[in-house]
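Here is the naming used below: chain letters follow the sequence lines, and residue numbers restart at 1 for every chain. All figures in this text were calculated on a predicted structure; none of them were measured in a lab.
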Number of protein chains: 2
Amino acid sequence: MTRSEENYIKTIFHLGGSDSVPIATNAIAEQMETKPSSVTDMAKKLAEKGLVHYKKYQGVSLTDIGVKTALSIIRKHRLWEVFLVKKLDFSWDEVHEVAEQLEHIKSEKLIDKIDELLDFPKFDPHGDPIPSKDGKFMIRDKQLLSDVPIHTDGVCVGVKDTSPTFLKFLDKNNIALGNTIRILDKEEFDQSLHIQMDGKELHISHQIASNLYVKLND
Amino acid sequence: MTRSEENYIKTIFHLGGSDSVPIATNAIAEQMETKPSSVTDMAKKLAEKGLVHYKKYQGVSLTDIGVKTALSIIRKHRLWEVFLVKKLDFSWDEVHEVAEQLEHIKSEKLIDKIDELLDFPKFDPHGDPIPSKDGKFMIRDKQLLSDVPIHTDGVCVGVKDTSPTFLKFLDKNNIALGNTIRILDKEEFDQSLHIQMDGKELHISHQIASNLYVKLND
DNA sequence: AATTAAATTTAGACAAAACTAAAAATTTGT
DNA sequence: ACAAATTTTTAGTTTTGTCTAAATTTAATT
């Protein structure tokens with residue numbers, strides 16, 4: 001597998017092509033900041049190798065082998081992210097770019113040892129699940145903060161937007177994964193929320209709330 | 001810098017092209033298991049970029065910038081080797097292949113943090129010096145065991161041959177860096193040595209002795 | 001010094017991965 | 001249902017790094 005092939009497989013997975021829902025050439029091109037014609041070329045190549053289903057004009061979806069491959073790459077990406085944060089004191093807005101490179105290192109032993117060093121983490125620094133060696137991963141029941149009814153209690157467990165801008169904003173406001181959260185009130189006119197997070201009170205916009213995942217207390 | 005460019009720079013350095021001693025096209029090709037014509041192409045490109053001196057038919061040597069670049073790559077390679085051995089329990093015969101990949105990861109912060117995590121090691125698992133951030137490195141006065149006079153005491157500080165075969169052989173015979181060594185006797189007819197290493201007595205061939213570096217006790 | 005041998009470079013080709021521009025298929029709108 | 005708009009594919013180029021085969025330069029030998 002070349003680096004480029006791996007990036008295509010990963011992108012198709014993220015766009016939902018794992019459930020044999022075919023993904024449009026255009027969508028892949030846009031996501032990867034490339035041209036549709038390049039996607040067509042690669043689709044043929046990956047189909048040839050048995051990694052994707054592809055019929056002309058019908059879009060692309062991953063085969064079982066394709067899904068396994070995608071999960072293996074995502075596993076590597078997310079484990080490296082945890083490594084960077086936990087062992088090298090990177091902040092969560094710095095890890096993506098480096099992990100994009102590290103995920104392509106070819107060594108089964110390396111990633112298994114990293115996994116072990118980190119004590120087999122189940123989630124990455126943004127709250128996304130880390131697939132195990134055999135491709136299984138936890139699906140945590142979580143909801144967008146913006147979808148949660150008023151006066152609810154929960155824990156912040158993930159972010160939807162993982163852009164450095166958003167993550168740095170959260171840092172600045174002391175919003176971090178693991179924080180307890182209570183929704184005090186919601187403004188009607190702009191959907192902004194008054195919340196209590198780890199004691200302190202905060203007022204956050206709908207934009208923010210709709211990019212934060214919480215797990216409700218049971 | 002592409003990966004390929006980096007590999008050429010590194011190879012030229014290792015062949016001695018750092019002291020503006022020009023290296024033959026053929027020598028580079030052989031070392032890299034490629035063809036001389038490919039080397040010529042790359043030599044032009046690297047000269048264009050100011051990384052090497054190159055005149056037709058006259059061989060290639062590194063410029064100051066080329067040397068700096070080479071040292072930076074070697075620094076990364078050797079730090080990753082230490083990381084693999086010290087933090088992930090790789091054995092010294094397994095690290096080269098993986099480090100060959102890791103050395104091309106582009107992130108200044110990453111390698112500096114790895115350096116810090118390892119407590120700024122000065123030598124890699126094979127006893128080779130690790131250049132600092134600014135390109136300086138220790139030159140330890142060491143000699144090949146085969147060149148050392150009889151009845152001398154020293155410490156094993158490095159290997160010349162770093163092939164897995166040789167390294168595994170050393171493991172099997174409990175020969176490791178840091179071991180104290182004393183030369184008891186030398187057989188005239190085959191230059192083989194009777195040595196004492198960490199207590200135990202050993203009989204080793206000239207082949208072995210000429211690939212082990214020792215530092216003599218002062 | 002001339003000739004042979006060896007090393008090096010040139011020229012032309014190829015594969016991978018991308019692109020542009022044009023053609024073809026599909027989807028949409030009325 | 002049919003024309004228009006959109007999406008997708010094809011065909012032909014480009015770039016990077018490699019190769020082979022032929023030509024050229026340098027080195028070695030007699």
Side-chain angles (χ1 to χ4, degrees), chain A residues 1-17 20-62 66 69-70 73 100-101 103-106, chain B residues 1-17 20-62 66 69-70 73 100-101 103-106:
Chain A
M1 283 275 273
T2 68
R3 179 168 302 219
S4 185
E5 284 170 350
E6 289 188 349
N7 285 332
Y8 273 96
I9 293 292
K10 195 180 50 158
T11 301
I12 296 163
F13 182 92
H14 280 133
L15 290 174
S20 64
V21 179
I23 307 298
T25 307
N26 253 4
I28 299 169
E30 189 172 354
Q31 180 71 26
M32 298 189 71
E33 298 186 320
T34 182
K35 302 293 168 185
S37 54
S38 308
V39 177
T40 302
D41 288 346
M42 186 55 87
K44 286 176 185 169
K45 203 215 270 194
L46 293 175
E48 198 72 34
K49 294 197 176 191
L51 291 162
V52 304
H53 300 292
Y54 170 65
K55 280 213 198 88
K56 275 195 198 182
Y57 298 99
Q58 303 307 132
V60 182
S61 64
L62 296 175
T69 306
I73 301 164
E100 285 283 298
Q101 298 180 62
E103 74 188 5
H104 299 292
I105 300 291
K106 276 157 189 59
Chain B
M1 285 273 274
T2 68
R3 180 168 301 221
S4 185
E5 285 169 350
E6 290 188 349
N7 285 332
Y8 273 96
I9 293 292
K10 195 179 51 156
T11 301
I12 295 163
F13 182 92
H14 280 133
L15 291 174
S20 62
V21 179
I23 307 298
T25 306
N26 253 3
I28 299 169
E30 189 172 355
Q31 181 71 27
M32 298 188 71
E33 300 187 320
T34 182
K35 301 293 168 185
S37 55
S38 307
V39 177
T40 301
D41 288 346
M42 186 56 85
K44 286 177 185 169
K45 205 216 267 192
L46 293 175
E48 197 72 34
K49 295 198 176 189
L51 292 161
V52 304
H53 301 293
Y54 171 64
K55 279 212 198 89
K56 276 196 199 181
Y57 299 99
Q58 302 308 131
V60 183
S61 63
L62 296 175
T69 306
I73 301 163
E100 285 284 296
Q101 298 180 61
E103 73 188 6
H104 298 293
I105 300 290
K106 276 157 188 61

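Counting only heavy atoms from C-beta outward, the side chains of Arg3(A) and Arg3(B) approach each other to under 4.5 Å. No side-chain heavy atom of His104(A) sits less than 4.5 Å from a side-chain heavy atom of His104(B). Gln31(B) is not listed as a side-chain neighbour of His14(B), based on a closest heavy-atom distance of 4.5 Å or more. For the pair Tyr54(B)/Leu46(B), no side-chain contact is recorded, criterion being any heavy-atom separation below 4.5 Å from C-beta on. Residues Glu103(B) and Asn7(B) are in side-chain contact: their nearest non-hydrogen atoms beyond the backbone lie under 4.5 Å apart.
Of the residues in residues 7-16 of chain A, none lies under 4.0 Å from DNA chain D by heavy-atom distance. Residues of residues 46-54 of chain A that place a heavy atom closer than 4.0 Å to DNA chain C do not occur. Within residues 31-43 of chain A, the residues having any heavy atom closer than 4.0 Å to DNA chain D are, in order of number, Pro36(A), Ser37(A), Thr40(A).
dC19(C) atom C1' lies 18 Å from atom CD of Glu30(A), rounded to whole Å. Rounding to whole angstrom units, NZ of residue Lys55(A) and P of dT26(C) are separated by 12 Å. Here dT8(C) presents its C1' atom at 10 Å from CD of Gln58(B), a figure rounded to the nearest Å. Computed from coordinates, the Lys56(B) NZ to dT9(C) C1' distance equals 7 Å when rounded to whole Å. We find that NZ of Lys44(A) is positioned 16 Å from P of dA15(C), with the value rounded to whole Å.
Considering every non-hydrogen atom in both Glu5(A) and Met1(A), the closest pair reads OE1-CA, 3.3 Å.
Residue Tyr8(A) holds its OH atom at 14.0 Å from CG of Leu51(A), rounded to the nearest 0.5 Å.
Each of Ser4(A) and Tyr57(B) lies near DNA chain C, and the nucleotide nearest Tyr57(B) is the one positioned closer to the 5' end.
For CD of Glu30(A), the number of neighbouring non-hydrogen atoms (other residues, nucleotides, ligands) closer than 6.0 Å is 12 at most.
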